[in-house]
Structure formats: structure tokens, C-alpha cells
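Worksheet for the structure shown next.
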Amino acid sequence: MTIQYERPVSHAAHWARRLSLFSCLLFVAAVLSHRFGPLTTPHFLALAGFASMTAALAVVLAAIGLARLWQVGARGGRASLAALLFALLPLGVAGAALYSYFHKPALYDVTTDTVSVPPWLAVPSAEQDWLPRAAMVTPRDREVQLEAYPGLSGRRYEGALDRVHQGARKVAAAYGIAITAEDGLDNILADLEDLVVDPNKVARSAEALSEVPIPEARPLEAPLEPQAAGSGDVLLQGEWRSPVFGFRFDVVIRLREEAETTLVDMRAASRYGPHDLGIGADLVEGYLKALDAELLGIAGD
């Protein structure tokens, strides 16, 4: 008489594979809809959180399936391993986000100038849904930023305002920042008008130099008029989205001419939520480093 041993089947392992596959597909669909579709950040975070919790449940069931395989040789080992692989994506991203959430300061607005913050040309607004946050950035928030990102500072370039503006726009386009508004361009036009040579003025200067052996400095005939706001700043405001997940950030770049140099400051704010997970500081630092390389390349032209 032949005795045939039939191995038991671990239903937990097979349910783990189904749940983990569902969570992985849901997570990918949410990312694509948020990055390229109409899904807003609050809804994306809700779907991503649900997918991560489903993946965590799948991991628990996969562990039960592996335990049953070890104890009684139950079928389901491959299903448990597949479940662990499918759950790796949503759980890995969730783990990285939680790490940044607890190890980065709870800021959504960062700037290179915490004393004189670059102003918005158009104040960003968005429906926060279930992600409420403070409407105003407090001085305490700026102190927290200084403690967390002490190296986040503006740049000073030995170049005219028009040249730095050209480089700032070029780097913004290459970095994925879509400029939506500009202000203060009259200051750049004024600098360019100063470079235009008037033939009549040159002739008069030549006659004066022929009569007077010692040249004297000629004052400006028409001093520059101050702007309506009393500032010679150039402001560029734009929008930026993170490359993978498509988180939206509002950005403003300020150019200020000081003593034959141009000072560049930047401000970045996440459009949703009270915490930017450190992405804003990385955005500002990355842009300024790219601007350093761009202006270094055209220096001396």
C-alpha cells in the first residue's frame, strides 16, 4: 500500500502575494497620476499611505507563510517571497519619507535670507484638504531653519545685473523651474542703456579733453529713478516639481545689485503640507550650485 504525503497549503502566503501586488500597483498608479495627472498631493499621500499599510499587512502574512513552510512544509514559500518583493517598493518609499519627516525640521518655507525674505510676486495658495498648516512663517521657523541648514545662504557674483539675470533664467529652465512672473526688469534695461555710447557726448568729451590736459570725472547727466517700491531688485517667481513624485514647490529668485556685484537670494515653499521633508533646502542648494557653474563658465566674456 502506497502512502502519499500531501503537503498543506498556506493560505496566508497566497493572500500575502495578492495584497502586496495590489499595494504595489496602487502605489505606482498613484505616483503616475500625481506626477503626470490631476491627482493632488493630499489625495496622493492618502493613497500612498493606504498602499503602504496594505503592503505591511502583506509582509505579516508572508512571514506567517514562511513560518508554516519551516514548521510543517506548507506550500506557499514562493508566494511569500513574491509578496516580500512586491511590498518592497511602497514600504521602502514610506520608510524613507518617515525618516525625513522625523529627522528634518518641520518647515515648508525656506530661504537664503532669513532677515529680508524675498517677497512673492503672487502669494501661492492651494486647498490643503487634510494637510493643514500655519498661514504665516514665524520668526521661530526661521531660527529653526538656521539651525538645521546653516550653509543655506545667497550668492554674490562679480557681474552686472543683466548678465546674472541671463544666467539665472538659463539655469532655472535647465533645472525645471517654470518662470511665471517677473518684476524689476526696468533695472536691467537701465543698466543696458548706460552701456550705449552717444556720439554727441563722445565728441563733446573729445573737445573738452583737448582743452583740459587733466581729465575729470563726468557725473551722470540723468541719475536713475528709483522704483515705485523703492527697490532696485529683480524678482523671478516660478514653479518647480520634484522629478520622481512631482511634489509642487513655489520659488522666487531675487537679484540685487550692490557695489558692482550682484547678490542672488532664493526662496522655496512647498505648495501642500506643513513639512517639505527637506526637499526645499535641497532645491535651493542645487539651483545655486548650478548657477555657480553657469556664471563661472561665462565669467570674463
Side-chain angles (χ1 to χ4, degrees), residues 4-108 126-133 176 239-249 270-283 286:
Q4 184 178 1
Y5 176 74
E6 293 187 3
R7 295 173 56 188
V9 178
S10 174
H11 297 287
H14 293 284
W15 273 107
R17 181 172 58 186
R18 297 187 187 102
L19 289 177
S20 64
L21 179 59
F22 169 76
S23 66
C24 185
L25 293 177
L26 176 62
F27 183 81
V28 171
V31 170
L32 294 178
S33 299
H34 182 252
R35 182 65 180 85
F36 304 104
L39 190 65
T40 62
T41 298
H43 295 93
F44 164 71
L45 293 178
L47 289 176
F50 177 74
S52 300
M53 290 187 293
T54 305
L57 176 60
V59 169
V60 174
L61 294 177
I64 296 175
L66 292 175
R68 291 284 295 168
L69 173 64
W70 176 262
Q71 293 172 353
V72 297
R75 296 180 183 272
R78 293 181 180 179
S80 296
L81 292 178
L84 295 177
L85 291 177
F86 286 133
L88 186 61
L89 177 61
L91 288 181
V93 174
L98 288 175
Y99 177 85
S100 298
Y101 184 86
F102 289 107
H103 288 80
K104 299 287 185 179
L107 301 172
Y108 69 87
E127 183 63 37
Q128 298 298 315
D129 205 357
W130 63 277
L131 297 174
R133 68 183 186 187
E239 301 175 356
W240 178 82
R241 302 192 69 177
S242 60
V244 179
F245 297 102
F247 293 115
R248 296 178 181 271
F249 280 77
S270 63
R271 187 167 296 180
Y272 296 94
H275 203 307
D276 66 358
L277 304 180
I279 301 176
D282 294 337
L283 163 63

Show the nearest heavy-atom pair for residues [X] and [Y], with the distance to one decimal.
X	Y	answer
A62	L84	CB-CD2, 3.9 Å
A13	A79	O-CB, 3.6 Å
G77	L66	O-CD2, 4.3 Å
D276	A281	OD2-N, 4.4 Å
P42	D129	CB-CB, 3.8 Å
G65	S10	CA-OG, 3.4 Å

Can you establish whether the number of heavy atoms outside [X] located under 6.0 Å from its atom [atom1] is more than 12?
X	atom1	value
F50	CZ	no
R68	CZ	no
W130	CH2	yes
W240	CH2	yes

Do the ring planes of F245 and F247 sit parallel (below 30°), tilted (30 to 60°) or perpendicular (above 60°)?
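Taking F247 first and then F245, their aromatic rings sit tilted (interplane angle of 30° to 60°).
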What orientation do F44 and F27 show, parallel under 30°, tilted 30 to 60°, or perpendicular over 60°?
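If you compare the ring of F44 with that of F27, the planes turn out tilted.
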Distance check, rounded to the nearest 0.5 Å: [X] atom [atom1] versus [Y] atom [atom2]?
X	Y	atom1	atom2	value
L98	H103	CG	NE2	11.0 Å
L25	S20	CG	OG	9.5 Å
S100	I279	OG	CD1	7.5 Å
Y108	L277	OH	CG	15.0 Å
S52	L47	OG	CG	10.5 Å
L61	R17	CG	CZ	13.0 Å

Would you say Q128's side chain and A126's backbone share a donor-acceptor pair under 3.5 angstrom?
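Side chain of Q128 to backbone of A126, a donor-acceptor pair under 3.5 Å: yes, one is there.
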Any donor and acceptor pair, going by atom type alone, linking the side chain of E239 with main-chain N or O of F249 inside 3.5 Å?
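It does not hold such a pair.
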From the list H275, R133, R248, side chain to side chain contact (heavy atoms under 4.5 Å, CB included) with S270 holds only for R133
Yes or no on side-chain contact (heavy atoms from CB on, under 4.5 Å) for V28 and L89, after CA distance, side-chain angles and deciding distance?
CA-CA 9 Å; V28 171; L89 177 61; 3.8 Å; yes
Among all residues two or more places apart in sequence or in another chain, which pass the side chain to side chain donor-acceptor pair (under 3.5 Å) test with H43?
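Listed in chain order: T40.
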Before giving the answer on side-chain contact (heavy atoms from CB on, under 4.5 Å), spell out for V59 and L91 the whole-Å C-alpha distance, their side-chain angles and the decisive distance to 0.1 Å.
CA-CA 10 Å; V59 169; L91 288 181; 3.6 Å; yes
Step by step, would you call R35 with V244 a side-chain contact (heavy atoms from CB on, under 4.5 Å)?
CA-CA 7 Å; R35 182 65 180 85; V244 179; over 6 Å; no
